[in-house]
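Indexing begins at 1, ligand by ligand and atom by atom, following the structure's order.
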Amino acid sequence: MDRPDKTNNDTHSDVPVGTETKFRLLIDSVRDYAIYMLDPNGMVYSWNPGAERIKGYTNDEVIGRHFSAFYTPEDVEAGRPELELRAAAEAGRYEEDGWRLRKDGSRFRAHVVVSPLIAPDGKLSGFAKVTQDITPQWEAEQALRDSEERFRVLVDQIRDYAILMLDPEGRVSTWNRGARRIQGYEAPEVLGRSLSLFYTPEDRANGRDQRLRQEAEEAGVAHDIGWRVRKDGSRFWADVTLTTLRTPAGELYGFAKVVRDLTERLEAEAQAKAYEAAREAVQMRDEFLSIAAHELRTPLTAAQLQLQSVRRLTDREPESWRHERIAAGIESALRSNGRLAELVETLLDVSRIATNRIRLDLSEFDLTEACRDAVDRLREMVKESDCEVRVSAPSPVQGCWDRLRIEQALMNLLSNACKYAPRSLIEVGVEPLEQQVKFWVRDTGPGIPEEHVERIFGRFERAVSTSNYGGLGLGLYVTRQIAEVHGGRIEVQSAPNKGSTFILILPRRATAAEQGHTARDLTEQD
Ligand code: ADP
């Protein structure tokens with residue numbers, strides 16, 4: 001529009017007449033805006049059809065009226081109409097959204113622009129007002145605001161979940177009650193701060209937080225379970241879901257994060273597990289006590305019977321005192337007592353192992369000789385089981401070990417062979433390796449099913465039923481410990497019905513290191 005440059009908002013005085021008429025027509029054709037003019041005192045002096053449509057007054061009704069008629073009583077009371085005019089005159093323009101009244105008294109939401117009209121002499125000649133009825137938009141926005149507010153209140157009230165929003169760089173932008181409760185921070189303490197605040201130092205160092213955001217960015221959502229840190233430094237077990245938020249155009253504008261504190265559940269589970277373990281331990285102990293009692297009772301009863309029969313001989317049949325019969329009875333009772341002593345020794349070993357108190361008494365000896373000694377000591381048992389033992393030890397194998405412990409290990413393996421593979425050939429062998437030595441016990445008995453092979457070296461573990469074979473399930477456990485404190489190991493090769501071979505591999509010289517290890521553990525314990 002052709003407009004002289006000397007004034008700012010002068011709309012009509014300098015405009016050629018033809019143009020003014022066109023301009024008038026234009027204004028009159030506008031129906032969606034109320035466009036009207038006021039004199040410097042606020043009296044209406046021009047009115048367009050848009051104004052009539054929006055405000056309800058006809059031209060005749062409104063010309064000459066003060067424009068405060070369009071304001072609510074509160075606004076009139078507060079002097080707003082005058083304030084607006086003054087503001088427009090001072091600033092050259094005034095704009096606002098506010099409530100206005102129609103002729104029928106109903107309210108509408110108005111967007112208002114007021115411009116002062118300045119005459120060529122620089123004096124204020126009035127005001128032009130453009131008012132738009134924005135009630136529908138306002139209502140829609142209000143509905144949205146209400147729903148957002150309701151949602152905000154809802155999110156804020158949730159106690160059990162920390163629900164927060166992050167900006168694209170991972171800084172906190174909202175904080176709810178659950179977040180306060182779980183993480184311990186008040187909103188002002190965390191808003192704008194990086195999420196890494198809640199991570200453990202380890203996770204911060206390894207970039208867990210960035211990784212999780214990256215994953216969420218790529219997949220839309222990411223899930224994580226792990227330790228997080230509260231304000232007071234304590235840790236909690238968090239279940240985290242991170243959802244990527246994008247604008248309709250696909251641009252990243254942040255993340256929604258939902259965190260659940262699973263610490264209590266974790267603790268409850270740990271407690272349940274501990275309880276279950278304790279219950280199993282008690283059950284195991286009860287079973288063990290019952291088996292041990294049976295095992296101990298057998299030789300005890302035997303010894304008792306043998307001693308009673310000897311007493312009968314001495315009491316009632318003094319004339320039949322025969323040296324050999326008494327000697328045989330006593331011999332028998334001693335054997336039973338020997339078996340008892342062995343059982344008690346095994347129990348003591350188990351308790352020594354449990355408290356790290358197995359000590360080695362190292363000395364130089366020939367392993368083949370020790371093997372023969374062990375076999376010799378089990379002569380009786382081998383005979384009773386109808387087995388035959390063949391020792392293959394071609395040359396002396398000299399080394400440094402605990403002789404009694406090595407013989408004990410061998411006797412354990414050999415007595416198992418007699419027990420589980422009666423009436424069979426048992427081979428015992430000793431063989432020097434480069435830095436190590438190896439000895440083995442092979443039988444042709446029932447073998448051990450694959451699934452039990454690992455287990456049988458455990459404490460109280462057995463692969464047979466108590467009703468078929470007596471035993472505490474401790475022999476292999478003790479044997480493995482003996483191998484290990486020497487710095488060696490035990491292996492088994494076995495297949496059902498193909499017999500079993502137990503192999504002990506020891507370093508040529510058990511060193512003081514193993515000893516030292518035991519001794520140190522002991523001092524630490526003390
Ligand atoms: P126990 O003989 O008192 O049961 P061990 O610890 O010596 O305890 O043995 C554990 C289990 O290993 C035995 O119960 C048995 O099932 C199995 N086992 C051990 N030696 C043999 C073997 N030579 N042949 C078959 N099974 C064996």
Side-chain angles (χ1 to χ4, degrees), residues 284-300 338-354 358 371 374-375 377-378 381-382 384-391 405-429 438-485 488-504:
M284 204 172 195
R285 191 195 59 195
D286 291 347
E287 271 168 27
F288 172 73
L289 283 178
S290 138
I291 295 171
H294 276 100
E295 287 296 308
L296 291 168
R297 194 170 58 186
T298 311
L300 190 65
R339 174 72 191 130
L340 264 180
E342 259 170 43
L343 284 169
V344 170
E345 229 16 76
T346 303
L347 291 179
L348 281 175
D349 277 346
V350 171
S351 112
R352 285 185 193 118
I353 291 166
I358 283 229
C371 261
V375 172
R377 262 190 269 147
L378 285 186
M381 189 175 191
V382 172
E384 277 164 23
S385 67
D386 231 352
C387 284
E388 188 192 333
V389 177
R390 218 174 273 162
V391 180
R405 288 294 183 192
I406 294 298
E407 288 180 12
Q408 182 188 2
L410 243 165
M411 281 158 61
N412 282 346
L413 298 180
L414 197 56
S415 61
N416 274 352
C418 294
K419 180 156 120 193
Y420 297 108
R423 296 172 298 282
S424 71
L425 174 68
I426 301 168
E427 289 174 81
V428 176
K438 155 173 153 178
F439 65 87
W440 68 89
V441 177
R442 174 178 301 139
D443 66 54
T444 51
I448 302 153
E450 172 85 39
E451 68 269 24
H452 297 312
V453 164
E454 267 303 308
R455 200 170 57 81
I456 52 171
F457 295 101
R459 195 159 53 153
F460 310 140
E461 296 286 3
R462 316 191 67 213
V464 291
S465 80
T466 317
S467 48
N468 291 339
Y469 297 94
L472 297 173
L474 292 173
L476 289 181
Y477 172 70
V478 171
T479 306
R480 186 177 71 179
Q481 300 296 326
I482 291 173
E484 286 176 1
V485 283
R489 62 180 195 275
I490 185 166
E491 289 171 5
V492 61
Q493 294 164 352
S494 177
N497 299 320
K498 292 252 160 60
S500 317
T501 308
F502 287 87
I503 306 159
L504 263 164

Task: Structural part of Phe502 in contact with ligand 1, heavy atom criterion under 4.0 angstrom - done: side chain

Open item on the list: Could you measure the distance from the CD1 atom of Ile490 to the CG atom of Leu504? Nearest 0.5 Å is fine.
Closed with: 4.5 Å

Open item on the list: Suppose I only count heavy atoms of Gly471 and a 4.0 Å limit; which atoms of ligand 1 are within that range?
Closed with: 3 (O)

Task: Option among Leu413, Val375, Ile503 that satisfies the side-chain contact (heavy atoms from CB on, under 4.5 Å) test with Val441 - done: Leu413

Open item on the list: Does the plane of the ring in Tyr420 sit parallel, tilted or perpendicular to the ring in Tyr469? Use 30° and 60° as the thresholds.
Closed with: tilted

Task: Exercise: identify the closest heavy-atom pair between Arg459 and Val350 - done: CD-CG1, 3.8 Å

Task: Close approach, His452 and ligand 1, non-hydrogen under 4.0 angstrom - done: no

Open item on the list: List ligand 1 atoms under 4.0 Å from Lys419, heavy atoms only on the residue side.
Closed with: 1 (P), 2 (O), 3 (O)

TODO: Would you mind finding which of Ala463, Ser415, Cys418, Gly470 brings a heavy atom closest to atom 16 (O) of ligand 1?
DONE: Ala463

- [ ] Using a 4.0 Å heavy-atom threshold (strictly under), name the region of Leu476 that reaches ligand 1: side chain, backbone, both or neither.
- [x] both

Open item on the list: Please report the interatomic distance SG(Cys387) to CG(Asp443), rounded to the nearest 0.5 Å.
Closed with: 8.0 Å

TODO: With heavy atoms of Ile448 as the reference, note each atom of ligand 1 found under 4.0 Å away.
DONE: 25 (C), 26 (N), 27 (C)

Task: Ser500, portion touching ligand 1 at heavy-atom distance under 4.0 Å - done: side chain

TODO: Measure the distances from the heavy atoms of Gly473 to every atom of ligand 1 and state whether one is below 4.0 angstrom.
DONE: yes

Task: Asp443 and ligand 1 - part of the residue with a heavy-atom distance under 4.0 Å - done: side chain

Task: ligand 1 to Arg462 polar contact by distance, N or O atoms, under 3.5 Å - done: yes

Open item on the list: Counting non-hydrogen protein atoms only, what is the nearest one to atom 19 (C) of ligand 1? Give residue, atom name and distance.
Closed with: Asn416 ND2, 3.5 Å

Task: More than 12 heavy atoms from other groups under 6.0 Å of CD on Glu451 - done: yes

Task: Minimum side-chain heavy-atom gap Tyr477-Ile353 below 4.5 Å - done: yes

- [ ] Search all heavy atoms of Ile482 against all heavy atoms of Arg405 and return the closest pair with its distance.
- [x] CD1-O, 3.5 Å

TODO: Would you please say whether a donor-acceptor pair under 3.5 Å links the side chains of Asp349 and Gln481?
DONE: no

TODO: Check ligand 1 against Gly475 and write out every atom of the ligand that is under 4.0 Å from a heavy-atom position of the residue.
DONE: 5 (P), 6 (O), 7 (O), 8 (O)

- [ ] Tell me which protein heavy atom sits closest to atom 10 (C) of ligand 1, plus the residue, atom name and distance to 0.1 Å.
- [x] Glu461 O, 3.4 Å

TODO: Just jot down the ligand 1 atoms closer than 4.0 angstrom to any heavy atom of Leu474, in number order.
DONE: 6 (O), 8 (O)

Open item on the list: Does His452 have more than 12 heavy atoms from other residues, nucleotides or ligands lying within 6.0 Å of its NE2?
Closed with: yes

Open item on the list: Considering non-hydrogen atoms of the protein only, which is the closest contact for atom 12 (O) of ligand 1, and what is the distance?
Closed with: Ile456 CG2, 3.3 Å

- [ ] Please check if atom CZ in Arg455 has more than 12 non-hydrogen atoms from other residues, nucleotides or ligands closer than 6.0 Å.
- [x] yes

- [ ] Any atoms of ligand 1 less than 4.0 Å from a non-hydrogen atom of Gly447? List them with their elements.
- [x] 25 (C)

- [ ] May I ask you to identify the nearest protein heavy atom to atom 21 (C) of ligand 1, giving residue, atom name and distance to one decimal place in Å?
- [x] Tyr420 CD1, 3.5 Å

